[in-house]
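Just so it is clear, the structure is predicted and the values come from calculations on it, not from any experiment.
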Amino acid sequence: MRRSEYGLCASAARPSGCPRTEREQPVPIAATDYNHVRLTVRDIDVSRKFYDDVFGFEVAFELPPNPDAETREALGFLFGGVIYKFGGGLLGLRPVAPAGDTFAEDSVGLDHLSFTVASLQDVHDAAAVLDELGIEHEPVKDLGDAGMAILEFRDPDNIALEIAGPNS
């Protein structure tokens with residue numbers, strides 16, 4: 001037997017958890033795009049108002065008022081939240097975080113969530129929307145050779161959000 005970073009591995013038969021040889025490498029998963037992102041939030045009413053006001057996404061799934069037991073069970077995956085639909089896929093808000101919890105991009109997990117717009121003018125228009133809503137944000141940043149301009153801001157749970165578009 002040989003030892004690898006995964007533990008002891010038999011030379012004749014490869015036990016589960018042993019690294020594959022180059023000849024045995026599996027074909028990578030053929031992902032073509034993101035399907036959805038779900039953010040954990042503290043207060044669905046506060047977060048919902050923020051995302052509705054800032055983005056105005058169409059609602060894909062939400063629990064209707066006064067749902068019967070069957071509907072409540074069928075939509076249990078919402079955890080009392082909402083799932084929005086937009087060109088990039090689905091964005092869900094899941095209200096299960098404790099009241100004192102807050103987002104920190106320097107912890108393991110999500111660093112930030114970036115939304116694409118079509119033009120530099122759209123980036124500047126997004127800054128104007130945030131100004132109108134009284135939402136603090138950084139100035140629009142030109143990333144030079146990256147060919148991108150970004151606008152950074154935070155949601156009510158301190159989740160780092162970004163609007164990105166071409167810089168010309």
Side-chain angles (χ1 to χ4, degrees), residues 16-17 26-141 143 146-166:
S16 175
V27 175
I29 295 170
T32 58
D33 206 343
Y34 290 99
N35 181 273
H36 70 275
V37 172
R38 187 172 346 201
L39 303 175
T40 300
V41 300
R42 293 174 294 194
D43 184 320
I44 190 60
D45 295 327
V46 170
S47 292
R48 177 96 188 246
K49 179 170 179 12
F50 176 88
Y51 283 90
D52 287 350
D53 289 351
V54 171
F55 296 104
F57 295 143
E58 180 182 342
V59 172
F61 301 100
E62 70 180 322
L63 203 59
N66 305 313
D68 60 28
E70 186 177 335
T71 302
R72 191 182 314 277
E73 184 176 329
L75 295 175
F77 64 91
L78 294 174
F79 298 93
V82 63
I83 297 178
Y84 295 106
K85 174 172 54 172
F86 70 106
L90 300 171
L91 174 67
L93 304 177
R94 182 175 177 247
V96 297
D101 203 8
T102 188
F103 174 79
E105 64 268 18
D106 293 332
S107 295
V108 173
L110 181 73
D111 178 77
H112 70 279
L113 181 58
S114 183
F115 296 92
T116 301
V117 295
S119 70
L120 178 57
Q121 185 58 53
D122 290 336
V123 177
H124 287 285
D125 291 348
V129 167
L130 296 177
D131 287 341
E132 288 176 34
L133 294 170
I135 297 170
E136 291 183 27
H137 59 85
E138 296 294 319
V140 172
K141 294 178 187 168
L143 300 185
M148 187 181 341
I150 62 171
L151 171 65
E152 299 166 301
F153 60 107
R154 293 186 180 267
D155 83 351
D157 291 293
N158 203 40
I159 296 171
L161 301 175
E162 180 180 278
I163 304 298

Original post:
If every non-hydrogen atom of Ala60 is compared with every non-hydrogen atom of Leu90, which pair is closest and at what distance?
Top reply: CB-CD2, 4.1 Å
Original post:
Once you round to the nearest 0.5 Å, how far does CD1 of Ile135 lie from CG of Leu161?
Top reply: 9.5 Å
Original post:
Is atom CG of Asn66 surrounded by more than 12 heavy atoms (other residues, nucleotides or ligands) closer than 6.0 Å?
Top reply: no
Subject >> Sequence-distant partners of Ser119, side chain to side chain donor-acceptor pair (under 3.5 Å), two or more places apart >> reply: Asp122
**OP:** Grab the two heavy atoms, one from Phe103 and one from Ile159, that are nearest each other, plus how far apart they are.
**Re:** CD2-CA, 3.5 Å
Original post:
Going by heavy atoms in the side chains, are Phe79 and Ile44 under 4.5 Å from each other?
Top reply: no
Original post:
How many angstroms lie between CD1 in Ile83 and CG in Leu75, if you round to the nearest 0.5 Å?
Top reply: 9.0 Å
Subject >> Minimum heavy-atom distance Val123-Ala149, with the two atoms named >> reply: CG2-O, 4.1 Å
Original post:
Between Glu162 and Lys141, does a salt bridge (Lys or Arg N to Asp or Glu O under 4.0 Å) hold up when you go through it step by step?
Top reply: CA-CA 11 Å; Glu162 180 180 278; Lys141 294 178 187 168; over 6 Å; no
**OP:** Enter the distance from Phe50:CZ to Leu93:CG here, rounded to the nearest 0.5 Å.
**Re:** 10.0 Å
Original post:
Are any of the side-chain heavy atoms of Phe115 and Val54 separated by less than 4.5 Å?
Top reply: no
Subject >> Nearest non-hydrogen partners of Ser47 and Val41, listed with the distance >> reply: OG-CB, 3.4 Å
Subject >> Side chains of Val129 and Leu133 in contact at under 4.5 Å (non-hydrogen atoms) >> reply: yes
**OP:** Determine, stepwise, if the pair Leu91 / Leu113 fulfils side chain to side chain contact (heavy atoms under 4.5 Å, CB included).
**Re:** CA-CA 10 Å; Leu91 174 67; Leu113 181 58; 3.8 Å; yes
**OP:** Kindly indicate whether the side chain of His137, heavy atoms from C-beta on, has any atom under 4.5 Å from the side chain of Asp131.
**Re:** yes
Original post:
Pairs in or reaching into residues 38-56: which pass salt bridge (charged side-chain N to carboxylate O under 4.0 Å, His left out), with residues at least two apart or in two chains?
Top reply: Arg42-Asp157, Arg48-Asp52, Arg48-Glu62, Lys49-Asp53
**OP:** Heavy atoms only: give me the nearest His112-Leu110 pair and the separation to one decimal.
**Re:** O-CD1, 3.5 Å
**OP:** Nearest 0.5 Å please: distance from the CG atom of Leu130 over to the CZ atom of Phe153.
**Re:** 5.0 Å
Original post:
Could you state the interatomic distance from CE (Met148) to CG (Leu120), rounded to the nearest 0.5 Å?
Top reply: 12.5 Å
Subject >> Exercise: identify the closest heavy-atom pair between Ala164 and Ile150 >> reply: CB-CG2, 4.1 Å
**OP:** Measure centre to centre between the rings of Phe61 and Tyr84, then say whether the value is under 6.0 Å.
**Re:** no
Subject >> Residues Arg72, Leu63; criterion side chain to side chain contact (heavy atoms under 4.5 Å, CB included); working and verdict >> reply: CA-CA 7 Å; Arg72 191 182 314 277; Leu63 203 59; 4.2 Å; yes
